[in-house]
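Shown next, in structure tokens, is the structure this report addresses.
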Amino acid sequence: MSNNSKPVTNRRAFVQKLVGGVAATTVASSAVALSSAETPPEGKKAKLKSYAMLIDTRRCIGCHTCSVSCKSEFDVPLGVTRSWVEYTEKGTYPNVSRHFLPRLCNQCRHPQCVDVCPTGATYKRPQDGIVVVDSGQCIGCKYCIQACPYDARFLNPETKVAEKCDFCIHRVSKGLVPSCVNSCIGEARIFGDISDPNSEISRLLTTNPTTVLRPGKGTEPQVYYIGADHSDEHENNRGWYDVRITTHRKEKGRR
Amino acid sequence: MHELTWGLPVIAYFFLAGMGAGAVTVSGSVLLRKGGFGASRFSVARCGALIGPIPVMLGTFLIVFELGQPLRAGNLFHLINLSPMSIGSWFLNIFIILSVLYAMTFMLPGSSPGDRFSQVRRGLAWVLVPLGIGVAVYTGIMLGAMPARPFWNSPILAALFTLSALSSGVASIILAGVVFRRKSKDVAIRSDYENSSYLLITSDALLIAGELLVIFLFLLFGHLTIGDIKYAMLAILPGGQMALLFWGLVVGVGLLIPLIIELFQVMPKLLHNREFKTIVSLEVAVPLAILIGGFTLRYTIVVAGQITAPTTL
Ligand code: SF4
Ligand code: SF4
């Protein structure tokens, strides 16, 4: 949270006209929708929101700009990551492919981390569905780190409390998009309120085939993907083709 | 391999808290038991009551300092929620306080079955038996609660940890008995001692048999299912990373060998009502083997859960 005061320019307005594809229109309008939603008309109670992210992996070039901007947004210490990009490489020449998979906390609808937290430090905000850690309450028991099916959490080596992506609450509450969304050079990340049927993210979710990670765990992630390659190194056991995952994290393998 | 999120301090805590809670639970239930073994009951109960709280407190000390923020441990008691760790912490806290009080009722000079504290002692025993089981069972529930950890994600670990806690509790009582027993030529005292040994060894054999049954069910369940759990179970099946420890130390040294020896000891009396004789070397070796197995059980389960993961993304 040390960078609250840095300039918050939004590049989006300038790129808007560039691309005819789905994603371009998206980002611009989601930014607009966000800022207007921030100031509810007088007298009316603010409607509950449900923030979500859609990552169009076809537009991701694996450049790690999101990871870097996240690092600087929160001064995330060395060796730990709130946001990261995995590479999936499959096959043997000439039949090969490589896919990029940006990862972050899924802000699950049924967050296991919340279920297990003994102090109530981790909770899901009713107003917008963002799962947060109250760093003043957390005792660092690491139960949530253990329970997250996505390895999205870590114990901050400096503050010694649990930490993870929080959709940049400090930015979102000012009507801005999260830092990773703002900096993504491929405009692969679309952020918005899926409880609003007119939001860009709602429109894209309903008009595209999307997936979430580990749906079988019942967490109901609120980070959706278009074109995600769900291949895992476990498939190597079958011996048909090679899968290599590069997590770009201190932990080389996926959990 | 992933760094262990929960390492040795947590493993040691699971073992120590289980052993201590087991010892106090056994002590309480022996004390409350009617009829049978006369005064020997009281010495067993005293033994369990006196040693039980020590490992529990030691283990608690270890996990508090394993927390990222040890000074905030008190936050656990600002509220109680449905997290197994929250409920477990409350159990543990109350258990420690009451088990120390319970131990104190045995420490007063001249404490005996009918002394003026016998009512208090019995009252505490009534509370400590379920509390002790609670402390033993919650560690397993805590691990079982996470779909993210397929190796742990079943209710059966709670049963396994509870039986193992009780068995380690009995083992620690037997060991302490050997160490602290006053040697005596008096026939009455000797037969009293033999009686309590017999009582302990028979119950322990039963507990170990129960543990073996639960382990069998655990493995069978792993075999009959498919998907994440099946793959996770490979860690302890022959060829897996934890297989040697699991089969060698947990099942072999910690369960099968003690069970066979204990059965040989108690069978003559149990079946043919022949005289039961304790053998000091076995009274040391068997409980030690059980304790080694109990620790290794926690170790293999806690580590195996963390080196295995869901197999699909
Ligand atoms: S991804 Fe993990 S940390 Fe994020 S809400 Fe879901 S369970 Fe919690
Ligand atoms: S590490 Fe902190 S946030 Fe996570 S479960 Fe423990 S107290 Fe809750």
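In the text below, chain A, chain B and the rest are named by the order of the sequence lines, each starting its count at 1. Everything numeric in this text was worked out from a predicted model, so none of it was measured.
With a threshold of 4.5 angstrom between heavy atoms, A:Ile139 approaches chain B through its backbone and through its side chain. No part of A:Thr211 comes within reach of chain B, as not one of its non-hydrogen atoms sits under 4.5 angstrom from that chain. Contacts between A:Gln137 and chain B at a heavy-atom distance below 4.5 Å involve backbone atoms as well as side-chain atoms. Contact of B:Asn81 with chain A is made through the side chain alone, with heavy-atom distances under 4.5 Å. Contact of A:Arg153 with chain B is not made at all, since no heavy-atom distance falls under 4.5 Å.
Side-chain contact, A:Arg109 with A:Ser50: no donor N or O sits under 3.5 Å from an acceptor N or O.
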Is there a side-chain hydrogen bond (donor to acceptor under 3.5 Å, both in side chains) between A:Ser231 and A:Asp229 once you walk through the steps?
CA-CA 6 Å; A:Ser231 298; A:Asp229 188 343; 2.6 Å; yes
Intermediate values then yes/no, side-chain hydrogen bond (donor to acceptor under 3.5 Å, both in side chains), A:Thr247 and A:Arg103
CA-CA 10 Å; A:Thr247 57; A:Arg103 302 276 311 265; over 6 Å; no
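Proximity of a side-chain donor or acceptor of A:Lys71 to a complementary backbone N or O of A:Val80 within less than 3.5 Å is detected. Here the side chain of B:Trp152 pairs a donor or acceptor atom with the backbone of B:Ile301 at under 3.5 angstrom.
Considering all non-hydrogen atoms of both residues, A:Cys165 and A:Phe167 come closest at SG-N, 3.3 Å. Summarising the geometry of B:Ala148 relative to B:Pro150, their closest heavy-atom pair is O-CD, 3.3 Å, with the distance given to 0.1 Å.
By the neighbour-count criterion of 12 heavy atoms within 6.0 Å, atom OH of A:Tyr224 is densely surrounded, having more than that number from other residues, nucleotides or ligands. Open room surrounds CG on A:Leu78; 12 or fewer heavy atoms of other groups in view lie less than 6.0 Å from it.
Listed by sequence position, B:Glu66, B:Leu67, B:Gly68, B:Gln69 are the residues of residues 54-69 of chain B in contact with chain A, using a 4.5 angstrom heavy-atom cutoff. Heavy-atom neighbours of chain A within the stretch residues 222-240 of chain B, taken at a separation under 4.5 angstrom, comprise B:Asp228, B:Tyr231.
A side-chain hydrogen bond (donor to acceptor under 3.5 Å, both in side chains) with A:Asn156 is found for exactly one of A:Arg82, A:Lys164, A:Glu163, namely A:Glu163. Between B:Phe218 and the options B:Phe246, B:Phe151, B:Phe161, a ring-ring contact (aromatic ring centres under 6.0 Å, His included) holds for only B:Phe151. Checked against B:Thr25 for a side-chain contact (heavy atoms from CB on, under 4.5 Å), the options B:Ile133, B:Leu131, B:Val135 give a single hit: B:Ile133.
Taking A:Ala121, A:Cys138, A:Gly216 one by one and counting their heavy-atom pairs under 4.5 Å with chain B, the maximum is reached by A:Cys138. No other option in B:Val10, B:Thr312, B:Asn153 has as many heavy-atom pairs under 4.5 Å with chain A as B:Thr312. Contact count against chain B (heavy-atom pairs under 4.5 Å) is highest for A:Arg214 among A:His230, A:Arg214, A:Lys160. Among the candidates B:Ala309, B:Pro147, B:Gly88, the residue making the largest number of heavy-atom pairs closer than 4.5 Å to chain A is B:Pro147. Of the residues considered (A:Gly136, A:Ala228, A:Gly218), A:Gly136 shows the highest number of contacts with chain B, using heavy-atom pairs under 4.5 Å. Contacts with chain B were tallied for A:Cys148, A:Ala162, A:Gly120, A:Cys117; A:Cys117 has the most, counting heavy-atom pairs under 4.5 Å.
Remark: B:Trp6 engages A:Tyr143 in a ring pair (Phe, Tyr, Trp, His ring centres under 6.0 Å) (not counting sequence neighbours). A search for side chain to side chain contact (heavy atoms under 4.5 Å, CB included) contacts involving A:Tyr123 returns A:Arg125, A:Val132, A:Asp134, not counting sequence neighbours.
Outside the 6.0 Å centre-distance limit, the rings of A:His248 and A:Phe100 are not counted as a close aromatic pair.
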